[in-house]
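Scroll down for the structure; my scribbles are underneath it.
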2 protein chains.
Amino acid sequence: MSDTEVEQTQRFKVGELTVEAGTPILTEGANSAQLFTVLSGMGIRHTTLENGRRQVLTFILPGDLIGLQGAVMGEMGHSVEARTRMRLCVFDRAALWDFFKNAPARAYDLTWIAATEEHFLGEALATLGQRTAEQAVAWALVRLWQRGVALDLVENNSMPLPFRQQDLADALGLSLVHTNKTLAKFRTKQIASWRDGRLTLTDIDELSRIGLVDEQKAVRRPLL
Amino acid sequence: MSDTEVEQTQRFKVGELTVEAGTPILTEGANSAQLFTVLSGMGIRHTTLENGRRQVLTFILPGDLIGLQGAVMGEMGHSVEARTRMRLCVFDRAALWDFFKNAPARAYDLTWIAATEEHFLGEALATLGQRTAEQAVAWALVRLWQRGVALDLVENNSMPLPFRQQDLADALGLSLVHTNKTLAKFRTKQIASWRDGRLTLTDIDELSRIGLVDEQKAVRRPLL
DNA sequence: CGCTGTCTTGATCACTATCAAACCGAGTGG
DNA sequence: CCACTCGGTTTGATAGTGATCAAGACAGCG
C-alpha cells in the first residue's frame, strides 16, 4: 500500500473500538453508519430465520471488513457478533463514497473484497448442498486452517479457534449432536482435534481429501 | 442514469453476443477477459465438486451481470450456462478499471451489485442450512417470482421459468425425486404450479408463509 | 419409430435430526 | 470448602426427512 493510500485510509479512520466477547456489533436490518476492520479477535456473521433457526454465514477473523453490505445497500443482511474480545478499526460510512471519488484503488479493493466474499459464500453453498456431514466439517476445518496459516496464527500444528460447536453446526446446517460426533470421529482417527478453543490438525492432507477441498493458491487480501 | 453515464457505459460495450440454450458462457477456473450483461434469456451459475455433484448458485435473469468475479479476482469461481437462447451485452474487462478511475458512480454500482449478490447468497445459505425441503422450494419459487415481477415477466399469475427440476434440485441441495414430489404437493394444494417452462402462483401469501419469506421492498438494481 | 431427455410415481434405505440425560470445568455464594 | 448453577460438551436411543433405486409415462426429434 502506498503512502498516499495509507494516508487516504487513515483520514477516515474514526477511531478504535473494543468490544467484549458475546457483544452484538451489527444487527440484521439495522442501518449502520459504520464500517469496521477487525484488528484482533474473532466473531461470526449470522442471520436468524423467522422460525428461530440460525445460520452462521462466515467466521470473522482479523483483517476482515465488517458492514460493507450495510454501507452500500443501506441495510445489513446479517448480524455480527463477537466471540472473543475484539479490537475494531472504525470508519465512517461517508468514507466509502469518498473512496470511490478520490481513491479508485481503494474502491477497487472494496469490490475485490465483496467479490471474494461472494466467492466464499458460493463455496459454502456447495458445501451445505452437496457435501455430506463428514465432508462438510472437514471442509470447514481446512478452510479455517488455511485462514489461520495466512494470518500466522498457527504454531505447533495448532491455532486458536474460539467458537462453540454450536456455531460450526449452525454454519454447516447440521445439528449440534451430529457435529459433535463428527468431530469426535476426526479426533479418534487422529486427523483433527478441536478442544478448549484450539484447533489442531495432524493430517491436513487426509482432511482435505475427505472435505473435497481443492488447494488454492493463497491470495493476499487487501486490507482496509 | 445520466447521459454521461450512459455514454461512459456505452463506450465499453464491445458488442453483443447471442448464445443458444445449453451453451456454457463462462467456465469455472477460467480467466475470462469479458463481462456480460444479460439483455434477454435465462441461465444458471453453478459449481461442480470433485465428486461430480453440482451446486446451482443462482438463476440468471435479464439485467444480471455475469463475470464480475473473474474480472475482479482473475478467476471465475463458478460456471455460467445458458438455459434458453440468450442475448448478451459484452464489455471488456479493461472497462472495469476505467470505471473506477473515471466513473465512480458506475464503480459504486458494481460494488452494490457484488454486495447484493453476496446478500442473496447469504439467504440461500440459510435456506440450505435451516429450511426443510418444503420451505426451501417455497422460498425459491417466491424469490424467483419476485424477480419476475420486477422484470415485468408476470402476466396472468404466470411467468416463464425455463429451467429443469434438476436445476432447482441442485440449487436447493435436494434430490431430483424429492424436489419433484414437493412441487407435486404444491400443485395438488393449488398453491403453485410449474410445468412446461411456466410458473404459476395461485396463492403467493401461503407460499411465502410456508417458505418463511420476509417480504422486502423491491429495490431497483443498477444496470450496467 | 426407436431414442433420448425430462418428468412422475412407488418402494426401500440411511443419514442426520431430535430427544434425553449425564458430564465437566468455571464461577459464585453461603 | 462445598453445594449449586450455568454454558458447553459428550453419549445413547429413537424417529423422520429426504436419498437412492427402479421403472413407467410422455414428448420431441432424427
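In what follows, chains carry the letters A, B, and so on, assigned in the order in which the sequence lines appear, proteins first and then strands, with residues in each chain numbered from 1. Only this structure's heavy atoms are used, side chains among them; waters, hydrogens and symmetry mates stay out. Please read these numbers as outputs of a predicted model, since none were measured by experiment.
- Non-hydrogen atoms lying under 4.0 Å from DNA chain C are contributed by A:G173, A:L174, A:S175, all within residues 168-175 of chain A.
- Listed candidates were C:dT8, D:dA13, D:dT9. Nearest to the side chain of A:Q165 is D:dT9.
- Of the candidates D:dA19, D:dT9, C:dT18, the closest approach to any side-chain atom of A:R53 belongs to C:dT18.
- Side chain of B:D92 to backbone of B:A95: no donor-acceptor contact under 3.5 angstrom is found.
- Between B:D203 and B:R209, no side-chain nitrogen of the basic residue sits less than 4.0 Å from a carboxylate oxygen of the acidic one, so the salt-bridge criterion is not met.
- Side-chain proximity of B:A133 to the nucleotides C:dT16, C:dT8, D:dG18 is greatest for D:dG18.
- When each of D:dT11, D:dG7, C:dT6 is scored by its nearest atom to the side-chain atoms of A:A184, the top-ranked nucleotide is D:dT11.
- Listed candidates were D:dT10, D:dG8, D:dG18. Nearest to the side chain of A:R164 is D:dG8.
- A side-chain hydrogen bond (donor to acceptor under 3.5 Å, both in side chains) with B:Q165 is found for exactly one of B:T182, B:N180, B:T179, namely B:N180.
- Between the CD atom of A:E20 and the CE atom of A:M86 there is a distance of 12.0 Å, given to the nearest 0.5 Å.
- In summary, A:K13 and A:E16 engage in a salt bridge, as defined by a charged side-chain N under 4.0 Å from a carboxylate O.
- Distance, A:R131 CZ to D:dG18 P: 21 Å, rounded to whole Å.
- For B:D170 and B:R164, the salt-bridge test fails: no basic side-chain N is under 4.0 Å from an acidic carboxylate O.
- Applying the 4.0 Å criterion to OP1 and OP2 of C:dT8, one finds that B:N180 has a side-chain N or O inside that range.
- For the atom pair CZ (B:F120) and CG (B:L125), the distance works out to 11.5 Å, reported to the nearest 0.5 Å.
- Here the C1' atom of nucleotide D:dC21 and the CG atom of B:L176 are 13 Å apart, to the nearest Å.
- We find that A:R143 and A:E123 are joined by a salt bridge, their nearest charged nitrogen and carboxylate oxygen being less than 4.0 Å apart.
- Distances from the side chain of B:R187 to the nucleotides D:dG12, D:dT10, C:dT8 place C:dT8 closest.
- A rotation axis mapping the C1' atoms of four pairs onto the next four is fitted at both ends of the helix from C:dT8-D:dA23 to C:dG30-D:dC1 over five pairs, and the angle between these axes is 30° to 10 degrees.
- The nucleotide whose nearest atom lies closest to any side-chain atom of A:V177 is, among C:dC19, D:dG8, C:dT6, C:dC19.
- A salt bridge does not link B:K189 with B:E206: none of the charged nitrogens is closer than 4.0 Å to a carboxylate oxygen.
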